[in-house]
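Take a look at the structure set out below.
Computed from a predicted model, the values in this text were never measured in an experiment. Heavy atoms only: backbone and side chains are in, while hydrogens, waters and symmetry mates are out. Residue indices begin at 1 and follow the sequence shown.
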Amino acid sequence: MATRTTAAVVTYGTSESADIRATSIRVTAGRASFTPHTLHGTAPVALRLLGAHQVHNALAVAAAVHALGMDTDRIAQALSAAEPVSAGRLQILERADGVTIINDAFNANPESMRAGLETLTSVAGDRRTGAGLGEMKELGDTAKAAHADVGRLVGELGINVLVTVGTTDEMTALADAARPASPLRIESADDPDVLLPLLNRLLKSGDVVLVKASKSVGLEKFANILHAEVRA
């Protein structure tokens, strides 16, 4: 794209050739800190947004406002102060019984599934992890393979409990790909109504659970219901 435009081009990323780049990236409890480098210096950033992938989003913002004249210190301050504003996008919900819910059910695709699952394990640390996952829609011929990739990632990350939502071939592929991981408990729910009592039976105080699927699956509202379902 850069070779096809007459406009000024600003690049961002983690390579030394990027105009706006990040170094010293660290992720603690799901939140990233890093040092952005601009043409005018550096300043530390500690993001309040969840997920290591937010570093690249922050760099995109930094590149845009740097091009408009904002200095590096103000960029770092603004990025460090940014708060999430949309529900259902890596939204943390704390239950009174000690269960932490990560509501990321606004939508799903292979890249955001990976980001959500990696964020789950980072937030949890040494706490027990669970994932209530529904189908990623509109993937065409790649759907089964993409869901199998998610299943394998669940196993690789050492997630303790997996609950799949729905009876499609894609969700069967996800569960089958995760099955070789041990120890991993795998359950299935035909729909969100079945998922609620199932997850409540499986969850224990201190657990961290990710809820994620494409929007049409209906897990976005489910996450809020799960949040309100505190057991006596």
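- Looking at every heavy atom in both residues, Leu184 comes nearest to Ala178 through CD2-O, 3.2 Å.
- Considering only heavy atoms from C-beta on, Glu138 stays 4.5 Å or farther from Asn109 through its side chain.
- Annotation for Pro44 and Ser80: closest pair O-OG, 4.1 Å, computed over non-hydrogen atoms.
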Problem set entry | Intermediate values then yes/no, side-chain contact (heavy atoms from CB on, under 4.5 Å), Met113 and Leu133 | CA-CA 9 Å; Met113 274 287 194; Leu133 304 181; 4.1 Å; yes

For this session: Step by step, work out the side-chain contact (heavy atoms from CB on, under 4.5 Å) result for Thr23 and Thr42.
Result: CA-CA 10 Å; Thr23 61; Thr42 65; over 6 Å; no

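- Annotation: side chain of Gln91 is not in contact with side chain of Pro84 (no heavy-atom distance under 4.5 Å).
- A distance of 7.0 Å separates CD1 in Ile25 from CG in Leu59, rounded to the nearest 0.5 Å.
- Taking 4.5 Å as the limit, some side-chain heavy atom of Leu174 sits within range of a side-chain heavy atom of Leu162.
- Note on Met70 and Leu47: same hydrophobic cluster, where clusters join Ile, Leu, Val, Met, Phe, Trp and Tyr whose side-chain heavy atoms are under 4.5 Å apart, directly or indirectly.
- The two residues Ala58 and Phe34 come nearest to each other via the heavy atoms CB-CZ, 4.0 Å.
- A distance of 5.5 Å separates CG in Leu39 from CD1 in Ile20, rounded to the nearest 0.5 Å.
- Evaluation of the salt bridge (Lys or Arg N to Asp or Glu O under 4.0 Å) test over residues 71-88, restricted to residues two or more places apart or in two chains, returns Arg48-Glu83.
- The CZ atom of Arg152 sits 12.5 Å away from the NE2 atom of His147 when rounded to the nearest 0.5 Å.
- For the pair Asn57 and Leu49, the minimum side-chain heavy-atom distance is 4.5 Å or more.
- To the nearest 0.5 Å, the span separating CG on Asp193 from CG on Leu198 amounts to 12.5 Å.
- Under the 4.5 Å side-chain heavy-atom criterion for ILVMFWY residues, no single connected hydrophobic cluster contains both Val211 and Val123.
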Problem set entry | Worked check of side-chain contact (heavy atoms from CB on, under 4.5 Å) between Ile75 and His40 | CA-CA 11 Å; Ile75 291 171; His40 300 134; over 6 Å; no

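- Between the side chain of Ser122 and the main chain of Gly30, a donor-acceptor pair closer than 3.5 Å is present.
- In the hydrophobic clustering of this structure, Val208 groups with Ile186; members are Ile, Leu, Val, Met, Phe, Trp, Tyr whose side-chain heavy atoms approach within less than 4.5 Å, directly or through other members.
- Val165 and Met171 end up in different hydrophobic clusters when Ile, Leu, Val, Met, Phe, Trp and Tyr side chains are linked at under 4.5 Å.
- Side chains of Ser17 and Ser15: a donor-acceptor N/O pair is present below 3.5 angstrom, by distance only.
- Put simply, the side chain of Arg185 never gets that close to the backbone of Val161: no donor and acceptor are under 3.5 Å apart.
- Within 6.0 Å of atom CD in Glu94, more than 12 heavy atoms from other residues, nucleotides or ligands are found, so the atom counts as buried in its surroundings.
- Taking a cutoff of 4.0 Å between a charged side-chain nitrogen and a carboxylate oxygen, Lys215 and Glu220 qualify as a salt bridge.
- When all heavy atoms of Ala177 and Ala148 are compared, the closest pair comes out as CB-O, 3.2 Å.
- Under the 4.5 Å side-chain heavy-atom criterion for ILVMFWY residues, no single connected hydrophobic cluster contains both Val209 and Leu153.
- For Ser214 (side chain) and Lys137 (main-chain N/O), a donor-acceptor pair under 3.5 Å exists by modelled atom type.
- Heavy-atom minimum distance, Ala213 versus Leu219: CB-CD1, 3.7 Å.
- Taking the charged nitrogens against the carboxylate oxygens, Glu118 and Arg114 do have a contact shorter than 4.0 Å, which makes a salt bridge.
- In this structure, the separation between CZ on Arg128 and CG on Leu202 is 7.0 Å, given to the nearest 0.5 Å.
- Listed by first then second residue, pairs satisfying salt bridge (Lys or Arg N to Asp or Glu O under 4.0 Å) with a partner in residues 165-175 number zero, not counting sequence neighbours.
- Contact check for Leu226 versus Arg95: side-chain heavy atoms found under the 4.5 Å cut-off.
- With hydrogens and angles ignored, the 3.5 Å screen pairs a side-chain donor or acceptor of Asp191 with a backbone N or O of Val194.
- Atom-to-atom distance recorded for Met136:CE and Lys212:NZ is 9.5 Å, nearest 0.5 angstrom.
- The main-chain N or O of Thr11 is found under 3.5 Å from a side-chain atom of Asp19 such that the two form a donor-acceptor pair.
- Side-chain N/O atoms of Asp97 and Ser205 include no donor and acceptor closer than 3.5 Å.
- When the options Thr129, Ile101, Asp104 are evaluated for a side-chain contact (heavy atoms from CB on, under 4.5 Å) with Leu210, the one that passes is Asp104.
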For this session: Go through Arg31 and Leu50 one step at a time and tell me if the side-chain contact (heavy atoms from CB on, under 4.5 Å) criterion holds.
Result: CA-CA 5 Å; Arg31 291 177 172 85; Leu50 278 179; 3.8 Å; yes

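- Side-chain contact between Ile92 and Ile102: present, with at least one pair of heavy atoms (C-beta onward) separated by less than 4.5 Å.
- When all heavy atoms are compared, the tightest approach of Val217 to Gly134 is CG1-CA, 4.4 Å.
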